[in-house]
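A quick note: this is a predicted structure, and the numbers were derived from the prediction, not measured.
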Amino acid sequence: MEAEVDKLELMFQKADSDLDYIQYRLEYEIKTNYPDSAGKKNPVTLLKELSAIKSRYRTLHVRFKPIAVEQKETKSRICATFSKTMTMIQELQKQTDLELSPLTKEENTAAEQLKSYMSDL
């Protein structure tokens, strides 16, 4: 999960950098190619709109970070609880000399996926 959060963080950073570059290029192109744009829609207004979009994007990013952290912590707690539960079941099996029936193909697949996911945390 941490890798996913890091990837999302990098995506946000790249998008922010891309928006900066787009804004810079637009300002340059407008100043160079349209120094006198009287009577037409002001290109600077478009740049201000881009700045507003960028601001909303940053707000979204700020809101995203705590959610991603909480999601990671929640998944870690779920995995820890699951691991403790599996340990308790194994101990109970040993104490009672009972064995569960073998897992089905679907259960084995799910268990392997869960183990893989837990190792990624």
Please output the side-chain donor-acceptor pairs of residues 102-112 that fall under 3.5 Å, not counting sequence neighbours, one pair per line with the distance.
residue: T104; atom: OG1; partner: E107; partner atom: N; Å: 3.2
residue: T104; atom: OG1; partner: E107; partner atom: OE1; Å: 3.4
residue: E107; atom: OE1; partner: T104; partner atom: N; Å: 2.8
residue: T109; atom: OG1; partner: K105; partner atom: O; Å: 3.0

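A continuous path of hydrophobic side-chain contacts links L19 to F64 [ILVMFWY only; heavy atoms under 4.5 Å].
When the side-chain contact (heavy atoms from CB on, under 4.5 Å) test is applied to T81, the partners found at least two apart in sequence or on another chain are T85. Under the rule for a salt bridge (Lys or Arg N to Asp or Glu O under 4.0 Å), the partners of R77 that lie at least two apart in sequence or sit in another chain are E70.
Within the model, atoms OG of S55 and CG of L60 stand 11.5 Å from one another, a figure rounded to the nearest 0.5 Å. Atom CD of Q13 and atom CG of D18 lie 12.0 Å apart (nearest 0.5 Å). For the atom pair T74 OG1 and I67 CD1, the distance stands at 11.5 Å (nearest 0.5 Å).
Side-chain N or O atoms of T87 include one that pairs as donor or acceptor with a backbone N or O of S83 at under 3.5 Å.
The aromatic rings of Y24 and Y21 sit tilted, their planes meeting at an angle between 30° and 60°.
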